[in-house]
Amino acid sequence: MTDASRYTSRGHAGLRFFAQRGLMRPFIWSLLSVKVYGTEHLDGVEPPYIVVANHSSHLDAPLLMGALPRKATRYLATGTAADYFYQVRWSRTLTELFFNSFPVERTKVRGRNGMTRQLLNAGVPLLLFPEGTRSMSGEMAAFKPGAAALSISQGVPCVPVAIAGAYDAMPKGASWPKSGRPPVTLNIGRPMSAFPEEDAVDFSDRLAKEVRALTDEAMERRERDDRARGKIN
Ligand SMILES: CCCCCCCCCCCCCCCC(=O)OC[C@@H](O)COP(=O)(O)O
C-alpha cells in the first residue's frame, strides 16, 4: 500500500497549484464557457470530506480542480481508474501531478481499500465519481455505494457536485472540446452525511438524487443568468 505522505506533502501541493491553477485552469477555461455556483457551501467546511460528482467527460476532473475553492483543492486527491490511468508511466505521472490521484481498482475482486481510509485519516479530502465510469449517453448512471460507505465508516461528510454540459462539450471518445466555447456549469451542494440508521445504499441513492437536483438547478441558474445578460432571447 502506498503511504499517504505524497498526498500531504507541501512541496507536491505547491507544484500542483502551479499545474492546476497556472496551466490547466486557464487552458480549460479558454476552451469552455464555465460558470460555477454554490462555492459558498464550502465556506467554513474543514477537510476531510468526500466530493462526489457525476462523470461523463475527461473534462470533469479538470473542471472540478479549477472550480472548487483553492482551499479545497490544495490537497484534494482524485480516485482514478487503475486500469485506465495507471498502466503506463507517463499517464500515471501526469494524473498524479494534475489530480493528486490515487488508483481505484475496477477490475480486481480485492480493491485497495486501505488507501482511501488512510488518506481521510491524514486529513486529505477525496474526489470520487461514484458512477465508476463515464456516462455513454450524458445521462447520469446509478451511484455505486462505495463513496457513501466510506463516508459512513469514516464519519466524514460528502459534498455533492453537479457538472452540467461537459458531455455535450466533450463526450467519451472525443479528444478535444467542441469549438465555440460550449457552456459548462458546475453547482456545488451542501455537505451531506448519512442519517442515523441509513445504510450505504440508501445514502448513496440520496447523494445521486441530490446531484441530479443540483444539475437541474445548475441549468436553470445558468439560463437565467445568460438571459439576464442578453445572451438568450
Ligand atoms: C483538450 C482538453 C483535454 C483535457 C483532458 C485532460 C484529461 C485528464 C483526464 C483526467 C481524469 C481524471 C480522472 C477521472 C476519474 C476516472 O478515473 O474516471 C474513469 C474514466 O475517466 C475512465 O474510464 P472510462 O470512463 O470507463 O473509460
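Order of listing sets the numbers, starting from 1, for every ligand and every atom in it.
The existence of a salt bridge linking Asp226 and Arg222 is confirmed by a sub-4.0 Å separation between a basic side-chain nitrogen and an acidic carboxylate oxygen. We find that Glu46 and Lys71 are joined by a salt bridge, their nearest charged nitrogen and carboxylate oxygen being less than 4.0 Å apart.
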Could you check His12 against Tyr7 for side chain to side chain contact (heavy atoms under 4.5 Å, CB included), going step by step and ending with a plain yes or no? CA-CA 8 Å; His12 279 280; Tyr7 297 89; over 6 Å; no

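Considering backbone and side-chain N/O of Tyr84, none are found under 3.5 Å from N/O of ligand 1. Checking only distances, Met170 never comes within under 3.5 Å of ligand 1, N or O to N or O.
Contacts between Ser101 and ligand 1, counted as non-hydrogen atom pairs separated by less than 4.0 Å, are absent for every part of the residue.
Interface atoms of ligand 1 facing Trp176, defined by a heavy-atom separation under 4.0 Å, are 1 (C). Every atom of ligand 1 with a heavy atom of Ala81 under 4.0 Å away is listed here by number and element: 16 (C), 17 (O). Near Phe129, with a cut-off below 4.0 Å to any heavy atom, the atoms of ligand 1 are 14 (C), 15 (C). Close contacts between ligand 1 and His58 involve ligand atoms 9 (C), 21 (O) [criterion: under 4.0 Å to a heavy atom]. Every atom of ligand 1 with a heavy atom of Phe85 under 4.0 Å away is listed here by number and element: 11 (C), 13 (C), 16 (C), 17 (O). In summary, the atoms of ligand 1 found under 4.0 Å from a heavy atom of Phe99, numbered by their order in the structure, are 8 (C), 10 (C). Taking a cut-off of under 4.0 Å to the non-hydrogen atoms of Thr133, the atoms of ligand 1 that pass are 24 (P), 25 (O), 26 (O).
The hydrophobic clustering, which links ILVMFWY residues whose side-chain heavy atoms are closer than 4.5 Å, places Phe102 and Val52 together.
Considering only non-hydrogen protein atoms, atom 4 (C) of ligand 1 sits nearest to Ile28 CD1, 4.1 Å. Residue, atom and distance of the protein heavy atom nearest to atom 12 (C) of ligand 1 are Ala61 CB, 3.5 Å. The protein heavy atom nearest to atom 13 (C) of ligand 1 is Thr80 CG2, 3.3 Å.
The backbone N or O of Ala141 sits less than 3.5 Å from a side-chain atom of Glu131, completing a donor-acceptor pair. A donor-acceptor pair under 3.5 Å is absent between the side-chain atoms of Asp216 and the main chain of Ala213, judged by distance alone. A side-chain donor-acceptor contact under 3.5 Å links Asp60 to the backbone of Ser56. Using a distance-only test at 3.5 Å, with no hydrogens or angles considered, a donor-acceptor pair links the side chain of Ser151 to the main chain of Val156.
Of the candidates Gly79, Ser91, Pro177, the one placing a heavy atom closest to atom 2 (C) of ligand 1 is Pro177. When His55, Arg134, Arg106, Met65 are ranked by how near their heavy atoms come to atom 16 (C) of ligand 1, first place goes to His55.
At least one test fails for Arg206 against the ring of Phe143: distance under 6.0 Å to the centre or angle within 45° of the axis.
Residues Tyr167 and His55 keep their aromatic ring centres 6.0 Å or farther apart.
Distances from ligand 1 to the non-hydrogen atoms of Lys172 include at least one value under 4.0 Å.
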